[in-house]
There are 2 protein chains.
Amino acid sequence: MATIDDVARLAGVSASTVSYAMSGKRPISAATRARIDRAVQELGFTPHAGARALATARTMVIGLFVQFLASEFPPAMLQYVLPIADAAREAGYDILMLTEEDGPAALRRVGSTGMVDGFILLNVVDRDPRLAELRRLHQPAALVGLPADTEGLSVVDLDFAAAARLVVDRLHADGHRSTVLITPSTEVIAMGGAYAWRFRDAFLGRAAEHGIRVRTHAGATIQPELGEQLGGILDDLGDATSLVVHNDAQIAALPSLLSARGIEVPRDLSVISLFSEEFGRLFSLPFTSIETGPDRLGRHAVASLLAQIDGADDAGGVSFVAPALVERGSVAPPSR
Amino acid sequence: MATIDDVARLAGVSASTVSYAMSGKRPISAATRARIDRAVQELGFTPHAGARALATARTMVIGLFVQFLASEFPPAMLQYVLPIADAAREAGYDILMLTEEDGPAALRRVGSTGMVDGFILLNVVDRDPRLAELRRLHQPAALVGLPADTEGLSVVDLDFAAAARLVVDRLHADGHRSTVLITPSTEVIAMGGAYAWRFRDAFLGRAAEHGIRVRTHAGATIQPELGEQLGGILDDLGDATSLVVHNDAQIAALPSLLSARGIEVPRDLSVISLFSEEFGRLFSLPFTSIETGPDRLGRHAVASLLAQIDGADDAGGVSFVAPALVERGSVAPPSR
DNA sequence: CTGAAAGCGCTTACAG
DNA sequence: CTGAAAGCGCTTACAG
């Protein structure tokens, strides 16, 4: 690999001039610039990332911490990762991906060795063990998912309470008086996935206001429990005329269970859920839903992180992204 | 952040002694070591990754190139990424994740700036545009997926020809005389996904040996085309008593289409496919299948890459991993 | 068993 | 408009 000294020698200038020519941080005469450009071309020179990081204290890399909660649905995570990688790249950053079990140790290792300029943490939970280490590190960071203590952290998440109200209001508008709500699994709730209870509690509150009866089930995430549970719910709807599914694995499995039972949506049952457009396409889900917008959340996190890295000192605080309801025709007035 | 000089000062030794104490590359007296350890603890010292990379010409990072072929099924990719990340980590390496559209440019940027010690390329296709750049870079690399020209490359992939023979032999053993084969999409074939035709051609060859009739369809990957096509195939099986699905999206959609039609497996139709145990669990697939073993392939790629990085000069060549058939009871003698 | 020094390849004040 | 030099924080021959 050619070094900046090789370029300097070939162009007949000093290394510093090469550096300035490439960064554009000071004026260079046209003739010199031409010679430098030619030398750079000829040698195929690109600055060594490590040397540059050492000199500038900037790596142009961000650490992306993916996290698979026990009993969460893996494909959902990918929807966040790709938009984040794209947004980072557009800003000139690469992505160091952290996937370890031991989150705090990984943060410490990568943070304290200066491998990255900042972190994005996905799927942050209520009392996330990574946060203590993150605070100690004093590095820029953006979180996706709401922890219990947001002091000094930059957090973005969907406004699940608003989402719940949208859903209840939608059912109420069509005259539903009774519904079944399937929440994320008990494991997710135990791990502290705040989105679970933020949605559920707001849902129950709004339903009470409208006088809508709600039966709640914490949804299983793996087979065969999932199929048995969801099948049982479908077989015993009671007076419920609608089903609200806040659980990726369950909504993905729903179409086949519905069709096995000959239940037609929305004629026999109204269904409403939460998922991204992409997720819905992947699993062919014909259901009206809250768009969870992982791309929007991911890009928001990147923007927030880069602002901090660029010293905007924008500790950010908590941003709740407003949800939107996407009609797909699976909600209609009840026939019973 | 504390530096090695801070530690040296606090411990009353030289920086080089600190370095040697930490690397264990030369004997250090117990007393000195104790003082150094204490100083390291006290200051929370960790060596700066950039400085170390500059001094050693080693980054302890590997570049992982994920690649989503048009009309491939995204969740399948994740199964490779996680085991690779785990295996890398176990060996002390972190993962720089590349996801860009422009593969060659990404390789050049990361490779020529010395950000990584080597690359793993996923989903390599027949005439992969990344390979020219990879050869120019002269960096260690391991590929998952078979390109047309493997000269000088280290490649690992499932032995799809052997897999096809296993499948045909399994059908033949139960007396099937006619089958339908759904292959990856035409887009995958056009992009050069060699696994598509390696499986198909071996399948047709073996079927001919056994005198088994085969009707072949290139499977659509997105809805609603997928459902219409697969539904049409199920509605018009002709004399086919078995269905072989080499297409992630189609096999994921199959259970719901079968149940909608009241087709019972294996009573009415034998089904056999290719997917990983994890993929099968995710989509609740009750089908006998070739285990595609993404974790094994991923770990193999990491091992091969690390051997090259450690100068084993093991250009590797092509390794085909032997497939295994996992019985799940979806193949039985035909009733017709 | 330990230290002083060179060197890895950049960037950026300091000088002119 | 350009150059010489210091410095970023390590590792590792070279010396003792």
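Atoms considered below: every heavy atom in the structure, side chains included; atoms not considered: hydrogens, waters and symmetry mates. Here is how names work: the chains are called A, B, and so on, in the same order as the sequence lines, proteins then strands, and each is numbered from 1.
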Peer 1: Nearest to the side chain of B/Ile4, heavy atoms from C-beta on, is which of C/dT11, C/dC1, D/dT11?
Peer 2: D/dT11
Peer 1: What is the distance from NE2 of B/His48 to P of D/dC8, rounded to the nearest Å?
Peer 2: 12 Å
Peer 1: Please list, by residue number, the residues of residues 29-39 of chain A whose heavy atoms come closer than 4.0 Å to an atom of DNA chain D; answer none if no residue qualifies.
Peer 2: A/Ser29, A/Thr32
Peer 1: In whole angstroms, how far is the P atom of C/dA13 from the CZ atom of A/Arg26?
Peer 2: 11 Å
Peer 1: Should the pair B/Glu90-B/Arg299 be classified as a salt bridge under the 4.0 Å nitrogen-to-oxygen rule?
Peer 2: yes
Peer 1: Dump the intermediate steps for side-chain contact (heavy atoms from CB on, under 4.5 Å) on B/Leu107 and B/Phe119, then the final yes or no.
Peer 2: CA-CA 9 Å; B/Leu107 272 185; B/Phe119 289 100; 3.4 Å; yes
Peer 1: So, A/Ser29 versus A/Thr32: side-chain donor-acceptor pair below 3.5 Å or not?
Peer 2: yes
Peer 1: Regarding A/Ser154 and A/Ser304, is there a side-chain donor-to-acceptor distance under 3.5 Å anywhere?
Peer 2: yes
Peer 1: A side-chain contact here means heavy atoms from C-beta on lying under 4.5 Å apart; do A/Ile36 and A/Val13 qualify?
Peer 2: yes
Peer 1: What nucleotide, of C/dG9, D/dC10, D/dT11, holds the atom closest to the side chain of A/Ala51?
Peer 2: C/dG9
Peer 1: Let's see if you can work this out: which of D/dT12, D/dC1, C/dT2 has an atom nearest to the side-chain heavy atoms of B/Lys25?
Peer 2: D/dT12
Peer 1: Using a cut-off of strictly less than 4.0 Å between a heavy atom of the residue and any atom of DNA chain D, enumerate the qualifying residues of residues 5-22 of chain B by number.
Peer 2: B/Ser16, B/Ser19, B/Tyr20
Peer 1: Just verifying a value: how many Å separate A/Leu96 CG and A/Asp117 CG, rounded to the nearest 0.5 Å?
Peer 2: 11.0 Å
Peer 1: Can you check whether A/Val156 reaches A/Leu143 side chain to side chain, under 4.5 Å on heavy atoms?
Peer 2: no
Peer 1: On DNA chain D, compare the nucleotides closest to B/Leu54 and B/Ser23; which residue's is nearer the 5' end?
Peer 2: B/Leu54
Peer 1: Rounded to the nearest Å, what distance is computed from the CE atom of residue B/Met60 to the P atom of nucleotide D/dC10?
Peer 2: 16 Å
Peer 1: Drop me the distance from B/Tyr195's OH to B/Leu158's CG, to the nearest 0.5 angstrom.
Peer 2: 12.0 Å
Peer 1: Please give, in whole Å, the distance from D/dT12 P to B/Ile28 CD1?
Peer 2: 13 Å
Peer 1: If you measure from the Lys or Arg side-chain nitrogens to the Asp or Glu carboxylate oxygens, is any gap between B/Asp102 and A/Arg89 under 4.0 Å?
Peer 2: no
Peer 1: Salt bridge check, B/Asp6 against B/Arg9: does any charged N sit closer than 4.0 Å to a carboxylate O?
Peer 2: yes
Peer 1: Using side-chain heavy atoms (C-beta onward) and a distance below 4.5 Å, is A/Leu122 in contact with A/Val81?
Peer 2: yes
Peer 1: Starting at the 5' end of DNA chain D, what dot-bracket string do you get if Watson-Crick and G-U pairs under 3.5 Å are bracketed, crossing pairs use [ ], other-strand pairs use | and unpaired bases use dots?
Peer 2: |||.||||||||.|||
